[in-house]
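Data block below; observations after.
Every value quoted in this text rests on a predicted model; they were computed, and no experiment measured them.
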Amino acid sequence: MSKLQPVRGTQDFWGEDARRFSFVVSTFNQLAKRYGFKEIQTPIFEFTEVFRRPLGDTSDVVTKEMYTFLDRGGEEITLRPEITASIVRAYLSGGMQQKGIVKLFTSGAMFRYERPQKGRFRQFHQLDVEIIGSPDAAADVELIALARHLLEVLGIAGATVLHLNTLGDTESRNAYRKTLVIYLKDHERKLSRESRARLKKNPLRILDSKDAGDQALLKKAPGMNDYLNVASSDFFAAVRDGLDNLKIPYTVNDRLVRGLDYYCHTAFEFITDQLGAQGTVIGGGRYDGLVEMMGGPETPGTGWAAGIERLAMLLKTLPEEERLTVFVPMTEAAGRLADRLCYALRKGGFAADMAYRGNLKKRLQKADKQGARFAVIIGEDEMASGKLTVRDLDSGIQASIGADRLAAFLKKQTAD
RNA sequence: GCGGGCGUAGCUCAACUGGUUAGAGCACUGGCUUGUGGUGCCAGGGGUUGGGGGUUCAAGUCCCCUCGCUCGCCCCA
């Protein structure tokens with residue numbers, strides 16, 4: 001193997017992979033704008049503190065997955081492992097509190113030092129939307145509707161199931177955590193090794209353990225539902241009612257927990273069974289404490305992130321690409337004419353290219369390999385007559401067209 | 001960080017229990033066909049069998065190390 005390898009967990013996107021990727025992103029951008037979200041782009045790295053504080057000192061992301069380094073000025077910098085914290089930082093440093101409720105969308109690369117596997121990479125890419133400033137369940141519903149809509153437009157809604165849960169507010173969650181820990185401590189020896197560690201670090205995570213023994217034990221465990229206070233259970237009911245109203249299907253899954261510390265109330269994931277161990281395609285929830293945790297005023301927030309690679313892997317169909325018109329000039333003078341015509345077509349909104357090299361056969365071959373619909377042949381005969389030979393590469397039918405009528409001709413042909 | 005599987009041409013894969021010069025399809029280049037692409041026929045280029053060491057008369061094949069890929073655990077999008 002050559003040394004010219006991509007770094008582990010990174011990948012190049014080209015050809016069909018690139019088309020899949022950009023189809024996901026462009027569809028998302030279009031929909032997010034349609035829902036009234038404004039685009040934001042934040043730096044790909046931040047001071048480490050931006051991520052450390054909200055993610056919590058015990059989370060795996062912070063303790064072993066961040067790409068952290070000192071820059072030449074001695075500042076501790078981290079490549080973003082997720083983007084909600086970056087956006088909240090931008091919200092605060094940009095004074096966006098002035099604007100009331102803000103709806104933001106973005107997408108880009110994230111970095112986590114993990115062992116790669118199917119659907120999991122060290123540099124991966126996310127779509128992301130956030131609504132900051134709204135305490136209403138309606139905001140959560142709107143976000144989920146956008147997510148569902150996106151999956152539908154991408155043609156993969158049927159491959160996913162929406163799992164929905166509530167983590168309650170701080171009071172409810174603390175009360176529940178306490179009783180859960182008491183219950184699990186009684187059975188500590190039966191827990192898996194990982195879950196015994198979680199018992200101290202992040203007991204709620206035991207709920208979605210994949211270990212069969214843990215799951216059996218959890219069947220008799222107390223449920224979150226019984227510990228929700230009135231405000232929390234009303235909030236959850238409002239989210240469910242909003243989804244019902246929009247006829248968005250979901251499954252309540254009281255084992256669904258989110259990994260990061262700052263979530264509360266709504267937690268949801270669109271899950272697929274087609275990506276091996278990485279089932280989550282879109283995940284999100286509410287984070288009312290985050291802005292305050294990062295030094296801002298008490299401000300509610302809610303959002304989700306989607307894995308672009310995971311969505312791209314699920315795509316079954318891609319939109320057709322616009323087909324080229326390829327110019328095939330055979331003489332020098334014809335080449336100059338073709339250059340002008342090709343430039344004019346491109347300015348007129350057509351996809352056009354030149355076949356520069358070789359004899360007629362080679363140039364047609366090139367046009368064919370590019371998937372072109374039309375070849376415009378300009379040789380001595382055409383230069384003499386002033387009419388271009390336009391060959392439909394699908395049917396093989398040729399027409400003689402004046403240069404001034406080329407654009408109109410192509411438009412008419414492709415409209416059929 | 002832990003565990004399983006796999007590394008032969010650009011891609012997908014052959015090569016019987018170790019045995020001559022590592023093959024095929026696709027792709028690529030050229031020709032049959034000097035103004036007509038796709039299907040056809042012919043020819044050609046392309047490999048340190050991931051790398052290193054060992055066993056053997058002989059290693060793509062067996063052993064060790066290493067690098068890489070992949071799947072899973074953990075965690076997450």
>> Under 4.0 Å, counting only non-hydrogen atoms across every strand here, what does A/G379 touch: a base, just sugar-phosphate, or nothing?
In response: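 The residue A/G379 makes base contact.
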> Starting at the 5' end of RNA chain B, which residue's closest nucleotide do you reach first, A/R8 or A/S395?
Replying inline: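 The answer here is A/S395.
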> Toward the 5' end of RNA chain B, which comes first, A/F124 or A/Y113, by nearest nucleotide?
Replying inline: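 By nearest-heavy-atom nucleotide position, the 5'-most residue is A/Y113.
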Counting heavy atoms from C-beta on, name the nucleotide in [options] closest to the side chain of [X].
{"X": "A/A277", "options": "B/rC73, B/rA77, B/rG35", "answer": "B/rC73"}
{"X": "A/D368", "options": "B/rG35, B/rC76, B/rG38", "answer": "B/rG38"}
{"X": "A/R115", "options": "B/rC71, B/rA77, B/rU36", "answer": "B/rC71"}

> Ignoring hydrogens and angles, are the base of B/rG1 and the side chain of A/E114 linked by a donor-acceptor pair under 3.5 Å?
Replying inline: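 Flag unset: no donor-acceptor pair detected.
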>> When you measure only distances, ignoring hydrogens and angles, does the side chain of A/R391 come within 3.5 Å of the base of B/rG37 through a donor and an acceptor?
In response: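 Checked by distance alone, the answer is yes.
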> How does RNA chain B read in dot-bracket, base by base from 5' to 3', with Watson-Crick or G-U pairs under 3.5 Å and | used when the partner is on another strand?
Replying inline: (((((((..((((.....[...)))).(((((.......))))).....(((((..]....))))))))))))....
Nucleotide N/O of nucleotides 26-31 of chain B paired with protein N/O under 3.5 Å:
| from | atom 1 | to | atom 2 | distance (Å) |
| --- | --- | --- | --- | --- |
| B/rG30 | OP2 | A/K362 | NZ | 3.4 |

>> Between B/rU12 and B/rU17, how many Å separate the two P atoms, rounded to a whole number?
In response: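 My reading of the P atoms in B/rU12 and B/rU17 gives 24 Å.
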> Take atom OH in A/Y250; do more than 12 heavy atoms of anything else shown fall under 6.0 Å from it?
Replying inline: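 More than 12 within 6.0 Å, yes.
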>> Is any side-chain heavy atom of A/E76 closer than 4.5 Å to one of A/R52?
In response: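 Result yes, sub-4.5 Å side-chain heavy-atom pair found.
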> Are any of the side-chain heavy atoms of A/K366 and A/V326 separated by less than 4.5 Å?
Replying inline: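 Answer no - side chains too far apart.
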>> Quick one: does any side-chain atom of A/N253 pair with a main-chain N or O of A/H163 as donor and acceptor, under 3.5 Å?
In response: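 Answer holds: no.
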